[in-house]
Number of protein chains: 2
Amino acid sequence: MAVDGSLDGTGIAAADWSKVRDLLHARGLRWTPQRRALLEVLASTDGHVTGAELVERCRAIDPATIPSTVYRTLDVLEEIGFVSHSHTADGREQFHVLPVVEHGHLECRRCHDSWEIPVDEAAELVTALERGRGFAVDLSHLSILGLCAACRES
Amino acid sequence: MAVDGSLDGTGIAAADWSKVRDLLHARGLRWTPQRRALLEVLASTDGHVTGAELVERCRAIDPATIPSTVYRTLDVLEEIGFVSHSHTADGREQFHVLPVVEHGHLECRRCHDSWEIPVDEAAELVTALERGRGFAVDLSHLSILGLCAACRES
DNA sequence: ATTAATGCAAACGGTTTGCACTACT
DNA sequence: AGTAGTGCAAACCGTTTGCATTAAT
């Protein structure tokens, strides 16, 4: 996989990287090899990963990766709106990239696989809570634990 | 507040304690001062507390309280079905006493207050996920973050 | 007399912090 | 040159573990 957006041939990822680079530069922030590595990792996720997983995957690219650098970069990426975070059922931080649509997460307590819940699937709950209690649900922080179809059968 | 269920005059708490004591004895487990203290704390909660909060409140009763004892007791209380646990939005363990009805939690990201969500309020979501994906929601682990009515106004 | 439960201390895992140094701009 | 970002190490917080000791049965 390409490491520099400007030389990349895969399209989407390259576009995202230069966008991030520009957003950083616009704020006087900098583009470093460590940030590039994290962006590379983020670009190849299916949309949600824990902080610890990101550290691990960055280490695959650069074994010298330091956790604090990853977490600090995640903070700035969250500030510029490139990622957002919620929490898994067992309390670890869960990050997701540029959510095109806001969504929650569904997690199986047995196989620990997880899926996204799009707005429309949670719509009834969200509007019910809003109408009944005036509570504005933060869907991107919604994490539902349960048993997936496959695990229920076996 | 009374410390021994058999001498207690307040009713509910005393009943719960002897029930727990009996459940423990039925399994060859023991009734200790430390467990009594935790039960006293649990009896006076509004239904949900974090593990760390329980440790702190037990210390108010007995300053010599040891965290591991509290957590170990919570484990057995969960085993005998007297409490169950989920996780708060920031990932700490959240315990609740004998849920008469299974329920989730609503937490305000600003004032950090929290409320219970009874089954019926989550019913639509639960059945939608079950029908659409065969996913069995674990309502007692459901924790929704958002902005409460009071905090939205100000 | 059993053996469950405790106190203690140390370790855990994920994340955060302080600080001197490095390297983007 | 200026200062954002890094590497490192140490601290953090809530929770868990191992083990010798205590105490409920």
Side-chain angles (χ1 to χ4, degrees), chain A residues 4-6 17-18 20-39 48-59 61-80 83 85-95 112, chain B residues 4-6 17-18 20-39 48-59 61-80 83 85-95 112:
Chain A
D4 183 332
S6 62
W17 296 351
S18 30
V20 171
R21 195 173 46 202
D22 293 348
L23 279 167
L24 291 173
H25 282 162
R27 300 194 173 205
L29 305 179
R30 296 171 187 177
W31 183 243
T32 68
Q34 295 83 351
R35 293 188 170 173
R36 201 194 301 135
L38 177 55
L39 262 290
H48 50 278
V49 249
T50 64
E53 271 166 9
L54 288 172
V55 171
E56 208 172 311
R57 294 191 196 176
C58 281
R59 259 201 253 271
I61 295 177
D62 176 7
T65 298
I66 295 303
S68 53
T69 299
V70 173
Y71 286 108
R72 282 190 280 230
T73 298
L74 286 168
D75 284 347
V76 333
L77 291 180
E78 185 151 27
E79 254 167 59
I80 66 174
V83 300
H85 87 282
S86 54
H87 290 266
T88 65
D90 62 337
R92 285 176 305 182
E93 294 202 296
Q94 181 168 59
F95 294 88
H112 296 104
Chain B
D4 183 331
S6 61
W17 297 349
S18 31
V20 171
R21 196 173 45 204
D22 293 349
L23 278 167
L24 291 173
H25 284 163
R27 300 194 173 204
L29 305 179
R30 295 167 188 181
W31 184 242
T32 68
Q34 295 82 352
R35 293 188 170 174
R36 200 192 302 133
L38 178 55
L39 262 291
H48 50 279
V49 249
T50 65
E53 270 166 10
L54 289 172
V55 171
E56 209 172 312
R57 294 190 195 176
C58 282
R59 258 200 254 271
I61 296 177
D62 176 6
T65 299
I66 295 303
S68 54
T69 299
V70 173
Y71 286 108
R72 281 191 281 230
T73 298
L74 285 168
D75 284 347
V76 332
L77 291 180
E78 184 151 27
E79 253 167 59
I80 67 175
V83 300
H85 86 281
S86 54
H87 290 266
T88 66
D90 62 338
R92 286 176 304 183
E93 294 203 296
Q94 179 168 59
F95 293 88
H112 296 104

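Protein chains get the first letters and strands the later ones, always in sequence-line order, with residue 1 at the start of each.
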Next on the checklist: Please evaluate residues A:W31 and A:D22 with respect to the criterion side chain to side chain contact (heavy atoms under 4.5 Å, CB included), reporting the C-alpha separation (whole Å), side-chain torsions for both, the decisive distance (0.1 Å), and the verdict.
Outcome noted: CA-CA 9 Å; A:W31 183 243; A:D22 293 348; over 6 Å; no
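- In terms of heavy-atom proximity, A:R35 sits nearest to A:R30 at NH1-O, 2.9 Å.
- In terms of position along DNA chain D, the nucleotide closest to B:F95 lies nearer the 5' end than the nucleotide closest to the other residue of the pair B:H25 and B:F95.
- In this entry the distance linking NE2 of A:H85 with P of C:dG14 reads 16 Å, nearest Å.
- Between the CZ atom of A:R92 and the P atom of C:dT15 there is a distance of 7 Å, given to the nearest Å.
- Put simply, chain B comes within 4.0 Å of DNA chain D, heavy atom to any atom, from D:dG14 to D:dT25, going 5' to 3'.
- B:E79 places its CD atom 13 Å from the C1' atom of C:dA4, with the value rounded to the nearest Å.
- Nearer to the 5' terminus of DNA chain C, by closest-nucleotide assignment, is the contact made by A:T50 (compared with the other of A:R72 and A:T50).
- Base contact: A:R30 has a heavy atom under 4.0 Å from a base atom.
- With no hydrogens or angles considered, no side-chain donor-acceptor pair links A:Q94 and A:H87 at under 3.5 Å.
- Note: CG (A:L24) to P (C:dA23) measures 19 Å, nearest angstrom.
- A:L77 has its side chain within reach of A:L38: a pair of non-hydrogen atoms, C-beta onward, lies under 4.5 Å apart.
- Side-chain atoms of A:R57 and A:T65, non-hydrogen and from C-beta on, never get closer than 4.5 Å to each other.
- Contact annotation: B:T32 side-chain N/O to C:dA5 OP1/OP2 distance is not under 4.0 Å.
- The distance between atom CD1 of A:I66 and atom P of C:dA20, rounded to the nearest whole Å, is 18 Å.
- What you find for B:V83 and B:F95 is that their closest heavy atoms are CG2-CD2, 4.3 Å.
- Spacing between atom OH of B:Y71 and atom P of C:dG13 amounts to 17 Å, rounded to whole angstrom units.
- The closest side-chain heavy-atom distance from A:P67 to A:R59 is below 4.5 Å.
- For the pair B:R27 CZ and C:dA5 P, the computed distance is 11 Å after rounding to whole Å.
- What separates CG of A:L54 from P of C:dG14 is a distance of 12 Å, to the nearest Å.
- The side chain of B:Q34 contributes an N or O atom lying less than 4.0 Å from OP1 or OP2 of C:dG7.
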